[in-house]
Amino acid sequence: MLVLGIETSCDETGVALYESSAGLLSHTLYSQVDIHADYGGVVPELASRDHVRKTLPLIAEVLADAGVRRNQIEGVAYTSGPGLVGALLVGAAIGRSLAWALEIPAVPVHHMEGHLLAPMLEDDCPEFPFIALLVSGGHTQLVEVSGVGRYRLLGESLDDAAGEAFDKTAKMLGLPYPGGPELARVAAQGDPGRFRFPRPMTDRPGLDFSFSGLKTFALNTMHKELPDHHTLDEQQVMQTRADIARAFEDAVVDTLVIKCRRAVRESGCKRLVLAGGVSANRQLREKIQQTLKREGGRAYYPRPAFCTDNGAMIAYAGWQRLKAGQHEPLRFNAQPRWQLGDLSAVRA
Amino acid sequence: MLNLKVAGEQAQEALGAALAAASPPSCVIYLIGDLGAGKTTLVRGFIHALGHKEAVKSPTYTLLEPYDLPDRRCYHLDLYRLAAPEELEYLGIRDLLQPAATLLVEWPKRGEGELPPPDLVVEIGHDGECRQVQIKSHSKKGNNLLQAADLAAWN
């Protein structure tokens, strides 16, 4: 079965073609953001959210790239939530209408289900069940994945997402927004011993996160160490910034690692998938890898293009549901708020 | 106009709660202050005081978080990522105002011209680890709110 996937839940427009036996045939993405700086959030501009203008040319592009004709498509999957309602409606309207015109089934896909199943697009993919840590500018969630449609939310951020905290702290340090990756680069020059930031919510049971306080902690440290009329020379200012960045990054990474270890121990499941834009962070990757090794398990990382928003994961998740016989009647809707727990399980 | 000194996260939440207790179901409150000033913390106190039991997440990424509260519909907006005020159309801003609701807006400057005028403007500044909070009324509704609010703890 040849499935077209359309992702328009937020700032990026992603389109892909997935074929059940051949796998991913083609995928493409329109984003305003520099591909090398793609974790922790994006700068939305009117143009980048203008999915109306992007989606059809991108569909033409993947068809040409895969060398298939439009009437060979056998199913359409589109993201119908959660996300920005205006953005979602564009993908839903295009996807549903295209399916109607081609007289093929269409299926709405939950954006987060797409992310959770993205590792299955890789040759070296984990078996079910696994634990997934989704960390991006918009999400910080630990989810137990027992199968397609069988998800249990283990914990999530109660305030800011990890990537958002990265971006905002970077901005406070005078880096451009969104500056998560830049912050990590500056942190590499920092002294890990100079400041120690708290590891929020690690001293109590549970798998929820809170990163808002860390941002404030960074701000207060900055006000104290770098007052308006400081007596430090430029070199000292740069070093202090780097030291703060380092303390901040260490605190976020440690917190994520501590919760992942706890999730692995509590669930007894030793496979952990790291996804979302922040999973590109080198410190996080290394520490998660070491931790899982020590626990006798293994960490999996989908390639960066499948960690951030993309059409491939939507095509794949949609295919899983279409082959199980699910599809949408001749109507469509967007669900800006949509809990993962509301999804139905798919029988293998 | 009121000038208050707020020490710590809990006090910031309590201030939000005190404003909520005096607020009518339909009102518009702007929140101004740097990153990390505690705007979302104040909003958290506000929304919890009106009966919301779960987390109040940052709306920076989603731009908008709706809350169905016992006595009203409340929207928490964060316009930080907005590039142009016209983008508010993408959020269906006009639909949010019908029927009447409470709007709590962070970074309102980025929505200038498209946002409804405020009844109250809360500006949060730094004072070491404490925060200086200035509250200004911009309407009769705002005046009533400030008169009814019990803010003695911060004066």
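First the proteins, then the strands, lettered A, B, ... as listed; each starts at 1. Computed from a predicted model, the values in this text were never measured in an experiment.
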Proximity of A:Phe248 and A:Phe166 rings by center, below 6.0 Å: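 Between A:Phe248 and A:Phe166, the centre distance is under 6.0 Å.
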Contacting region of [X] [heavy-atom separation from chain B under 4.5 Å]:
X: A:Asn220; answer: side chain
X: A:Ser157; answer: backbone
X: A:Leu219; answer: side chain

Not counting sequence neighbours, which residues clear salt bridge (Lys or Arg N to Asp or Glu O under 4.0 Å) with A:Asp208? List them please.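 Residues passing salt bridge (Lys or Arg N to Asp or Glu O under 4.0 Å) with A:Asp208: none at all.
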I need the contact set between residues 53-60 of chain B and chain A: heavy-atom distance under 4.5 Å, sorted by residue number.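 Listed by number: B:Ala55, B:Val56, B:Lys57, B:Ser58, B:Thr60.
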As an exercise: rank A:Arg337, A:Lys215, A:His223 by heavy-atom pairs under 4.5 Å with chain B and give me the winner.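 Of the options given, most contacts go to A:Arg337.
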Looking at A:Thr202 and A:Arg199, would you say the former's side chain and the latter's main chain have a donor-acceptor pair under 3.5 Å?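 Flag set: sc A:Thr202 to bb A:Arg199 pair under 3.5 Å.
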For the residue pair B:Trp107 and B:Leu77, establish whether any side-chain heavy-atom pair is separated by less than 4.5 Å.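 No, too far: nothing below the 4.5 Å cut-off.
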side-chain hydrogen bond (donor to acceptor under 3.5 Å, both in side chains) contacts touching residues 139-153 of chain B (sequence neighbours left out):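 Found B:Ser26-B:Lys141, B:Asp119-B:Ser139, B:Ser137-B:Asn143.
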Cation-aromatic face contact B:Arg110/B:Tyr80, 6.0 Å, 45 degrees: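 Yes, B:Arg110 sits over the ring of B:Tyr80.
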Does B:Glu106 have any side-chain hydrogen bond (donor to acceptor under 3.5 Å, both in side chains) partners at least two apart in sequence or in another chain, and if so, which?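 Expected list: B:Thr40, B:His76.
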Has B:Glu9 got more than 12 heavy atoms of other residues, nucleotides or ligands less than 6.0 Å from its CD?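 No - once you tally the heavy atoms of other residues, nucleotides and ligands closer than 6.0 Å, there are 12 at most.
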